[in-house]
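All values below come from the heavy atoms of this structure, side chains included, with hydrogens, waters and symmetry mates left out.
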Amino acid sequence: RKVQEERERISHDMHDDLGAGISALKLQAEFLKQKAEDGDLQSDIDELLKTSEEMNISMREMLWSLNSGNDTLGSFIDYAILYTGNFLKKTKIVLHSECNDIIAETPVSTEMRRNLFLCLKEAVNNVYKHSHADVLKLSFSQEKNCFSMKISDNGTGIPDDQPKGNGLRNMKRRMNELSGECNILSENLGTCLVFKISV
């Protein structure tokens, strides 16, 4: 109970202090950009705005992971779809999502939720950077106490001779820590990552 209360306190402090600071920084940068006439200076200010936006997104992710009220499958899935949609918004990749037999109130630990999210984040980033896909599909399913998250794309797939990168190794390590599975299927019609855990 004490750990949960401390998490909530840190979450509130981050929201109030860091959140307000980042917002103030962004406002100041936007004000400076309006006054700046030099092209290079405007470019530097754009970088500052981009960094502040990335910090804001990172902070929201941390707040979500700290909030024990989000320790359910339903909350994880909602956030996963929201995050992926926001990430792909400025790309040409179209997101499709589906849920099968999910019991939304199924409890999951904070550690499990966080590791699943980091796997999703890495997988979505890989699709964007390497796949040349124009469709990404998120599929979530539950069969009794087994939860599956599938991330598939219609891109070029992973070449057989390509060595596995740190991202794929990290995803496998995270799932091993949860006593789960991470399987990678690569075909001519794209790549499919399947994550399975007991809930």
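- Rounding to the nearest 0.5 Å gives a distance of 8.0 Å between CG of D134 and CD1 of I93.
- To the nearest 0.5 angstrom, N126 atom CG is 6.0 Å from L168 atom CG.
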>> Test ring pair (Phe, Tyr, Trp, His ring centres under 6.0 Å) on F117 and Y83; report intermediate values, then the result.
In response: CA-CA 9 Å; F117 174 70; Y83 168 84; 5.1 Å; yes

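- Checked by atom type and distance alone, the side chain of E181 never pairs as donor or acceptor with a backbone atom of K196 at under 3.5 Å.
- Judged by distance alone, with hydrogens and angles left aside, the side-chain atoms of R174 form no donor-acceptor pair with the main-chain N or O of C119 at under 3.5 Å.
- Side chains of L136 and V94 form no contact here, defined as non-hydrogen atoms less than 4.5 Å apart.
- In plain terms, the two heavy atoms of A133 and V127 that are nearest each other are CB-CG1, 4.4 Å.
- Two residues are said to be in side-chain contact when any heavy atoms from C-beta on lie closer than 4.5 Å; E98 and L138 fail this criterion.
- Between I102 and C99, the shortest heavy-atom contact is CG1-CB, 4.0 Å.
- Looking only at distances, no side-chain donor or acceptor of S198 sits under 3.5 Å from a matching main-chain atom of C146.
- Partner of T106 under the side-chain contact (heavy atoms from CB on, under 4.5 Å) criterion, chosen from L73, T72, D71: L73.
- One distance of note links CG of N176 with CZ of R173; it measures 9.5 Å at 0.5 Å rounding.
- Using a 4.5 Å cut-off on side-chain heavy atoms (C-beta onward), Q42 and I45 make no contact.
- Between E61 and K121 a salt bridge is recorded (basic side-chain N to carboxylate O distance below 4.0 Å).
- Side-chain contact between N70 and Y79 is absent, with no heavy-atom pair separated by less than 4.5 Å.
- Hydrophobic clustering (side-chain heavy atoms under 4.5 Å, transitive across Ile, Leu, Val, Met, Phe, Trp, Tyr) keeps L88 apart from V135.
- Of all heavy-atom pairs spanning F140 and I77, the tightest one is CD1-CG2, 3.7 Å.
- Residues L120 and M149 meet the side-chain proximity criterion, which asks for heavy atoms closer than 4.5 Å.
- Once rounded to the nearest 0.5 Å, the distance linking CE of M171 with CG of L116 reads 12.5 Å.
- No cation-pi contact links R114 to W64, judged by a cut-off of 6.0 Å to the six-membered ring centre and 45° from its axis.
- With rounding to the nearest 0.5 Å, the separation of CD in E111 from CG in L178 is 5.5 Å.
- In this structure, L193 and T191 have side chains that are in contact, with non-hydrogen atoms separated by less than 4.5 Å.
- When the side chains of ILVMFWY residues are joined at heavy-atom separations under 4.5 Å, either directly or via intervening members, I81 and V108 end up in a single hydrophobic cluster.
- Looking at every heavy atom in both residues, M175 comes nearest to C182 through CG-CB, 3.8 Å.
- Relative ring orientation between F147 and F76 is described as perpendicular, the plane-to-plane angle rising above 60° on a 0-90° scale split at 30° and 60°.
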>> The test is side-chain contact (heavy atoms from CB on, under 4.5 Å); show your working for C192 and K150 and say whether it passes.
In response: CA-CA 7 Å; C192 178; K150 188 189 294 183; 3.3 Å; yes

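- Interatomic distance, I151 CD1 to S139 OG, rounded to the nearest 0.5 Å: 9.5 Å.
- No donor-acceptor distance shorter than 3.5 angstrom exists from the side chain of D101 to the backbone of E143, with no hydrogens or angles considered.
- For the pair Q142 and N100, the minimum side-chain heavy-atom distance is 4.5 Å or more.
- Of all the heavy atoms in I197 and G180, the pair that sits closest is CG2-CA, 4.1 Å.
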